[in-house]
Protein chains: 2
Amino acid sequence: MREFYTITELTREFGISTRTLRFYEDEGLISPVRRGRTRLFRPADRHLVKQILRGKRLGFSIAEIREIVQMYRDPPGEVGQLKQIIAKIEEKRDELRQKRRDIEDTIAELNASEEGCVERLAELGVKG
Amino acid sequence: MREFYTITELTREFGISTRTLRFYEDEGLISPVRRGRTRLFRPADRHLVKQILRGKRLGFSIAEIREIVQMYRDPPGEVGQLKQIIAKIEEKRDELRQKRRDIEDTIAELNASEEGCVERLAELGVKG
DNA sequence: AGCCATAGTTACGTAAAAGTCAATTTTCGA
DNA sequence: TCGAAAATTGACTTTTACGTAACTATGGCT
């Protein structure tokens, strides 16, 4: 596993722009190290980017993604904070389960629509 | 089942504004009938709104949702169009499956984080 | 007739999430 | 060491999905 990635390597790998990665840094989602001014992305940063983009695909806002990636961080040492994090994790998990139900429902309706189309094709004498 | 709903009835049911419903109409997502100028929402319109909001929760843009709700419409009579719709349905279904994988992955990582927190609590002598 | 609630249209405003452009550095291979 | 390629910062612009304001119309109640 490589030690560092340049910014353009990551933009190519993930199909995003440098502007996007700098924006994520401004937003406190990632903190690549620097050699001089130049950003160097460690494997952990790269993984974070993956997680961020996953969150984006699921329709989470930057603020929500910030919350989520904070949950991934090493657990703190204070009991109150730990309990708070656990509570937030439960919350996010519930949201994700809702999204999963939404997906199942949507797929089911798409299946029904597709069947309708296939039947229609059959009526028109098209072999499936 | 009721024949019509007023716009405010739907805003209350779904927790959205009248502006939003009018916006969705402008965008061609819904087409409530009219008595004079006043919109009357049929059960089918209400169901469409549900589908739209489901799409929103999944992070689809208005343009993408427009595509999806077009798939729900009655299949057309032309073979070419039917095949095109089927192809688009496959496409969306693939997207949805990707999102589902994203959800599974995110839940898995949240579970791991939670375990970490719980262990940490145990270390601190907190009873679970 | 007067009033309130609900509905409508038009038009301008805004926050989020980048895109784009310009003007410098910085890095790095020949 | 030099020059192209890659990176940086900063500022301005754009798109999406509505919010908000201002004003008009309509229908029921008293």
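In what follows, chains are A, B, ... by sequence order, proteins preceding strands, each numbered from 1.
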Spacing between B/Leu21 atom CG and C/dT9 atom C1', to the nearest angstrom: 16 Å
5'-most contact on DNA chain C (nearest-nucleotide basis), A/Lys56 vs B/Thr6, goes to B/Thr6
Would you check if A/Tyr24 and A/Val49 make a side-chain contact, meaning some heavy-atom pair closer than 4.5 Å? no
Check if the side chain of B/Arg19 and the base of D/dT20 share a donor-acceptor pair of N or O atoms closer than 3.5 Å. yes
Length of the CD1-P vector between B/Ile52 and D/dA17, whole Å: 12 Å
Return the nearest nucleotide to the side chain of A/Thr38; candidates are C/dT9, C/dT27, D/dC18. C/dT27
Base, sugar-phosphate, or nothing for A/Ile16, non-hydrogen atoms under 4.0 angstrom? nothing
Choose from D/dA7, D/dA17, C/dA18 the nucleotide whose nearest atom is closest to any side-chain atom of A/Thr20. C/dA18
Taking CD1 from A/Ile7 and C1' from C/dT26, how many angstroms apart are they, rounded to a whole number? 14 Å
Let's see if you can work this out: which of C/dA7, D/dA7, C/dA18 has an atom nearest to the side-chain heavy atoms of A/Thr8? D/dA7
Gap between atoms CG and C1', on B/Asp26 and D/dT16 respectively (whole Å): 14 Å
How long is the line joining CD1 of A/Ile30 and P of C/dA18, in whole Å? 11 Å
Which nucleotide sits closest to the side chain of A/Phe23: C/dA18, C/dG8, D/dT8? C/dA18
Single hit among B/Val79, B/Ile86, B/Ile85 for side chain to side chain contact (heavy atoms under 4.5 Å, CB included) with B/Lys83: B/Val79
Send over the distance from B/Phe14 CZ to D/dC18 C1', rounded to a whole Å. 18 Å
I want to check something: taking the side chain as every heavy atom from C-beta on, are A/Thr8 and A/Thr11 in contact at a cut-off of under 4.5 Å? yes
So which nucleotide from C/dA17, C/dG8, C/dT6 ends up closest to the side chain of B/Arg39? C/dG8
Looking just at side-chain N and O atoms, do B/Arg101 and B/Gln98 make a donor-acceptor pair shorter than 3.5 Å? yes
How is A/Ser17 classified with respect to the nucleic acid when contacts are heavy atoms under 4.0 Å: base, sugar-phosphate, or nothing? sugar-phosphate
Does a side-chain N or O from A/Tyr24 land closer than 4.0 Å to OP1 or OP2 of C/dA18, or not? yes
In whole angstrom, give the distance that lies between atom CZ of A/Arg37 and atom P of D/dT9. 6 Å
Intermediate values then yes/no, side-chain contact (heavy atoms from CB on, under 4.5 Å), A/Glu78 and B/Arg120: CA-CA 9 Å; A/Glu78 209 214 306; B/Arg120 199 71 210 269; over 6 Å; no
Mind checking if B/Arg35 touches a base, just sugar-phosphate, or nothing, with heavy atoms under 4.0 Å? nothing
Roughly, in whole Å, what's the span from CZ in A/Arg34 to C1' in C/dT26? 13 Å
Using a heavy-atom cut-off of 4.0 Å across all strands, would you classify A/Arg22 as base, sugar-phosphate, or nothing? base
